[in-house]
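Reviewing the structure listed below.
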Amino acid sequence: MTVQYSTSVIDDKSVPAAEDPAFQHLIDVYVSEINKVASVWRLFDNEVLEFRPHPKSMCVRDNFKHELLSGRRFFGEFLGLSEPAAASVVPAPLTVEACVVRLADLARARLPQLARQRQTWWEAPVTFFDVERTRVWVFWRRVLHTAHHRTQLTMYLRLLDRPVPSIYGPTADHTWSGADPTTTVEAASRQQHSREADPAV
């Protein structure tokens, strides 16, 4: 049995094929990351939207808003995709489920736009804040930014004494048959054995 996310807001059938197969993994990873975010968000409820672990920390509500708005900025301003007006991005009223739905809708609309791009588009330099970076660099920075804030929220879940879902491996609350976390020297010592190259080749 492989890991199963508690929420999949974008299923495999909805993932478009990239016109340039070399960039299919970007589309696949983006979908996977959105599904992970939705899994974490849905473990909150509307009663804890104002929770923050420290006065200087973002509350749950602000974390949701930031993910939606910053995603719109990255994909619209920096990558140049067609995005909705920023004023329409955050749902009103703001609820957990409304934010999950909006997250999925925004991501789903980006997929065909990303899938039709070729290598020259991905490798073209664009303005990123006050520097210049390639679009593929900006894309991966977006994935990392999303993962950063999702990780913040998993800590919030733990502090609220709520279950933490599997993200890249099992947690104390969620595991599966065949899970193999690297928590021992023995596990970290393993190496993949491959056949030696044929000297005649």
Side-chain angles (χ1 to χ4, degrees), residues 2-42 57-58 62-84 86 89-90 99-157 164-171 181-182 188 192:
T2 58
V3 59
Q4 299 292 318
Y5 301 116
S6 57
T7 292
S8 290
V9 291
I10 302 177
D11 60 29
D12 292 344
K13 295 179 181 178
S14 301
V15 180
E19 291 191 16
D20 186 337
F23 293 95
Q24 183 64 49
H25 66 291
L26 277 72
I27 313 300
D28 296 340
V29 167
Y30 180 59
V31 170
S32 176
E33 293 299 307
I34 292 298
N35 284 333
K36 293 178 178 73
V37 172
S39 291
V40 170
W41 284 13
R42 279 191 167 147
S57 299
M58 285 196 296
D62 289 344
N63 199 302
F64 287 6
K65 288 172 60 178
H66 175 66
E67 174 62 29
L68 296 172
L69 290 170
S70 65
R72 191 263 177 220
R73 186 177 188 188
F74 268 66
F75 285 104
E77 178 183 349
F78 303 140
L79 291 181
L81 301 189
S82 176
E83 290 281 320
V89 168
V90 178
C99 287
V100 170
V101 169
R102 187 60 51 85
L103 174 79
D105 288 346
L106 291 168
R108 203 174 287 111
R110 292 167 186 146
L111 296 180
Q113 299 184 71
L114 294 171
R116 63 173 171 259
Q117 307 303 336
R118 310 292 295 188
Q119 182 175 357
T120 53
W121 185 88
W122 284 108
E123 295 182 353
V126 295
T127 299
F128 179 71
F129 294 104
D130 59 345
V131 296
E132 193 173 81
R133 297 288 186 267
T134 62
R135 281 196 179 95
V136 71
W137 187 97
V138 174
F139 173 85
W140 287 120
R141 183 63 173 265
R142 177 67 237 167
V143 170
L144 292 172
H145 189 95
T146 294
H148 161 67
H149 288 296
R150 183 183 63 232
T151 302
Q152 285 183 314
L153 290 176
T154 60
M155 181 58 69
Y156 287 21
L157 287 172
V164 175
S166 169
I167 299 298
Y168 301 117
T171 70
T182 308
Q192 182 173 345

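Just so it is clear, the values below take in all heavy atoms, side chains as well, and ignore hydrogens, waters and symmetry mates.
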Distance, nearest 0.5 Å, that separates [atom1] of [X] from [atom2] of [Y]:
{"X": "His149", "Y": "Thr154", "atom1": "NE2", "atom2": "OG1", "answer": "13.0 Å"}
{"X": "Leu79", "Y": "Trp121", "atom1": "CG", "atom2": "CH2", "answer": "5.0 Å"}
{"X": "Leu69", "Y": "Asp62", "atom1": "CG", "atom2": "CG", "answer": "10.5 Å"}
{"X": "Asp20", "Y": "Leu26", "atom1": "CG", "atom2": "CG", "answer": "10.0 Å"}
{"X": "Leu153", "Y": "Asn63", "atom1": "CG", "atom2": "CG", "answer": "4.0 Å"}

Side-chain ([X]) to main-chain ([Y]) donor-acceptor, under 3.5 angstrom:
{"X": "Thr151", "Y": "Ala147", "value": "yes"}
{"X": "Arg116", "Y": "Glu19", "value": "no"}
{"X": "Gln117", "Y": "Gln113", "value": "yes"}
{"X": "Arg135", "Y": "Val126", "value": "no"}

Report task. Applying salt bridge (charged side-chain N to carboxylate O under 4.0 Å, His left out), name anything that partners Asp105, two or more places apart in sequence or on another chain. Result -> Arg108
Query raised in the report: Do Leu103 and Val9 come within less than 4.5 Å of each other through their side chains, counting heavy atoms only?
Result: no
Query raised in the report: Would you say the side chain of His145 lies within less than 4.5 Å of the side chain of His66, judging by non-hydrogen atoms?
Result: yes
Report summary line: Phe128 meets the ring pair (Phe, Tyr, Trp, His ring centres under 6.0 Å) criterion, sequence neighbours left out, with Phe74, Phe78, Trp137
Taking all atoms of both residues into account, what is the closest heavy-atom pair of [X] and [Y], and its distance?
{"X": "Ile27", "Y": "Ala115", "answer": "CD1-N, 3.9 Å"}
{"X": "Val89", "Y": "Pro84", "answer": "CG2-CG, 4.3 Å"}
{"X": "Pro165", "Y": "Thr171", "answer": "O-CG2, 3.2 Å"}
{"X": "Val90", "Y": "Leu68", "answer": "CA-CD1, 4.5 Å"}
{"X": "Glu123", "Y": "Thr134", "answer": "O-CG2, 3.4 Å"}
{"X": "Pro16", "Y": "Gln24", "answer": "O-NE2, 3.2 Å"}

Query raised in the report: Taking everything shown except Arg118 itself, do over 12 heavy atoms lie less than 6.0 Å from its CZ?
Result: yes
Query raised in the report: Within a radius of less than 6.0 Å around CG of Asp12, do more than 12 heavy atoms belonging to other residues, nucleotides or ligands occur?
Result: no
Requested in this report: Just do the salt bridge (Lys or Arg N to Asp or Glu O under 4.0 Å) check on Arg150 and Glu67 with the steps written out, would you?
Outcome: CA-CA 9 Å; Arg150 183 183 63 232; Glu67 174 62 29; over 6 Å; no
**Report entry** Donor on one side chain, acceptor on other, Asn35 and Ser32, under 3.5 Å
**Finding:** no
Requested in this report: For Cys99 and Lys65, run side-chain contact (heavy atoms from CB on, under 4.5 Å): C-alpha distance rounded to whole Å, both residues' side-chain angles, the deciding distance at 0.1 Å, then the answer.
Outcome: CA-CA 8 Å; Cys99 287; Lys65 288 172 60 178; over 6 Å; no
**Report entry** Among Trp140, Phe75, Phe23, ring-ring contact (aromatic ring centres under 6.0 Å, His included) partner for Tyr30
**Finding:** Phe75
Query raised in the report: Are Glu83 and Arg73 close enough, and set up right, to give a salt bridge (Lys or Arg N to Asp or Glu O under 4.0 Å), and what steps lead you there?
Result: CA-CA 9 Å; Glu83 290 281 320; Arg73 186 177 188 188; over 6 Å; no
